[in-house]
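Notes for the one structure printed next.
A note on names: the letters A, B, ... follow the listed sequences, proteins ahead of strands, and every chain is numbered from 1.
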Amino acid sequence: MRVTWDIFCSVIDNFGDIGVTWRLARQLVAEHDQAVRLWVDDLDALCRLCPEANAEDAVQRLRGVEVHRWPQDWPPVPVADVVIEAFACQLPAVYIDAMTQRATPPLWLNLEYLSAEDWVAGCHGLPSPQLNGLQKFFFFPGFTPQTGGLLRETGLIEQRQRFQQDPANRQQFLQRLGINIEPEACLISLFAYENPALASWLEAMAAAGRPTHLLVPEGRIIADLQRWLGVDHLTTGDLHSRGTLTVQIIPFLSQDDYDRLLWSCDFNAVRGEDSFVRAQWAGRPLLWHIYPQQENAHLHKLEAFLKLYSAGLSAVASAALLAQWRAWNSAQDMQESWQAILEVLPELTEQAENWCQQLAGQINISAALVNFHLNWLKCPPKV
Amino acid sequence: MKAASELKVNSVILIDGQPWIVQKTEYTKSGRNSAINKIKMKNLLSGSTTETVYKFDDKVEPVMLDKLDVTYSYSSDSMYVFMDEEYNQYELNADDLESVLPYIVDGMTDVCSAVFFEGKVISVDLPTTIVREIVYTEGSARGDTSGKVMKIAKLSNGTEIKVADFCEIGDWIEIDSRNGEYKSRAKAPA
């Protein structure tokens, strides 16, 4: 009997919620032979990441995952062996009632947000006794062995390395997207929230004295880009040059193609959670636009990651990295910090690969979840 | 019901019919402006401790424990007997008194609080400040009078605590019963 999983995903904004849960669902099926239902309240968001999905289909099977539209009126469905509420989303009350009625209670997990902060290790895997007698467990992704790890498919790093070793792969992929770059150009991808710091970064790239080709998938940063370019509208395929900078708008990519884009670029600006993790698997230098939070709580999370990520760098490279990431996340001028980054780019590239290899030595989330379930079955922890 | 965000040290909640007292809370911001509360708590019946995590808006069941003023009477075979104003006796074993046991001495006159859960006495709380006599300590080696230099002193029940270097045998001292810390010298109880 295959273990059954219900993963609940409420799309609040952007693509992080669906990006993470869709990857997890796929991996549980493909690598652990689990039977997975993914409940999503916004199928349009899934369609952007997975073009074969159909927003009109209430139930569809995609890559072995049973994808369901999360309906307002909850249908009577059997409760799965493992129930995951992604990012603390609220499960349907009827479903929770059914969990209490199940002959054997399911393993109930809250898959939390990714953070590099120290407290995460101390909270990972802890129970949360509920009023209805059920126990929920908090499962924290993270960057250290004391956490649940990161989403990483088996063979991902090898696949990426094979792609990067043969320049023809990059060329073919870029050509498919209609991207032609000068041989010496520094290729950069830009995926970010709205950011007033963008203009100064673009100025720096335009005046860098070396060709830079900036690829911008359609998204929230486009308005800032239009403002800097002085145009009213930007659409896929648009190409603009300013100084040594070429800006090109590309379509919003599927998860698989976005990986290839990250692998193809010399430098990747990413945001939120899912693209942030994928950029680390790309083994290339990155710039993270963290999800902004009230009371600047996100800046603590940014610093926590920087502390880990910069540990292996020289003092000069570390200073350049910290200055650029802080400027980008505090809407400060980027010109000086970008110049500093360019000077240490070879070291940052080496560090990106080392960091990737270090992380790849840890367990990935899907395997950690399957292990958590097996251990829970053997010895259910009680408060 | 109470929100998990309202839990503080010494809050008592009911889980699976068991009363748990909160010993420590750790508030952290998770992602997207949500927050969690990591809680260390102790089972008031079994004495076991555990750690849990709650979302800030999770609901928990608070417990109002009954309390009654009592004074220590005597101990016998690891049972400790306390008495209320009406001379009713309440027996607790040493395990129930784990945190206060080091400060229970014969002849103590502190007014304590017996704590009841479902009509059964489950523990006793001491006053925050208690006064005890030093029965043994080494002399002051350096003549320090600042109170910053500490040394070990023994109470009449054998409990050892750190006291100011100037304290002497026969001195009475104030102790914080929550953490066992020496506070100051004191007058002997009347």
B:Lys29 and A:Trp119 have their tightest heavy-atom pair at O-CZ2, 3.5 Å
Hits for side chain to side chain donor-acceptor pair (under 3.5 Å) against A:Ser115, two or more places apart or cross-chain, chain-then-number order -> A:Glu117
Keeping the roles fixed (side chain from A:Gln130, backbone from B:Lys59), state whether a donor-acceptor pair exists under 3.5 Å. no
When the 4.5 angstrom heavy-atom criterion is applied to B:Thr28 and chain A, the contacting part is side chain
In short, ring-ring contact (aromatic ring centres under 6.0 Å, His included) pairs touching residues 97-133 of chain B with sequence neighbours left out are B:Tyr90-B:Phe116
Bottom line for B:Gln18: the part with an atom under 4.5 Å from chain A's heavy atoms is neither
Q | A:Ser128 side-chain N/O to B:Val53 backbone N/O, donor-acceptor pair under 3.5 Å | A | yes
Cut-off 4.5 Å, heavy atoms of chain B, and the answer for A:Ala88 is both
Would you say the side-chain atoms of B:Lys38 pair up with the backbone N or O of A:Gly122, donor to acceptor, closer than 3.5 Å?
yes
Note: B:Tyr54 and A:Phe138 closest approach over all heavy atoms is C-CZ, 4.2 Å
Whatever's closer than 4.5 Å to a heavy atom in chain A on B:Ile36 counts as side chain
Cut-off 4.5 Å, heavy atoms of chain B, and the answer for A:Gln294 is both
A:Glu85 bridged to B:Lys55 by N-O distance under 4.0 Å: yes
Q.
Using a 6.0 Å cut-off, check whether atom CG of B:Asn93 has over 12 heavy atoms from anything other than its own residue.
A. yes
In terms of heavy-atom contacts, A:Leu131 and B:Glu61 come closest through CD2-N, 3.7 Å
Shortest non-hydrogen pair, B:Ile15 vs A:Pro129, comes out as CG2-CB, 3.7 Å
A:Tyr113 side chain to B:Ser34 backbone, donor-acceptor under 3.5 Å
no
Item to check | Within 6.0 angstrom of B:Asp106 CG, more than 12 heavy atoms from elsewhere | outcome: no
One option among A:Ile290, A:Leu114, A:Ile12 has the most heavy-atom pairs under 4.5 Å with chain B, and it is A:Ile12
Closest heavy-atom pair, B:Glu51 versus A:Leu126, reported as atoms and distance to 0.1 Å, is O-CD2, 3.9 Å
Looking only at A:Val120, A:Asp17, A:Asn110, most heavy-atom pairs under 4.5 Å shared with chain B are made by A:Asp17
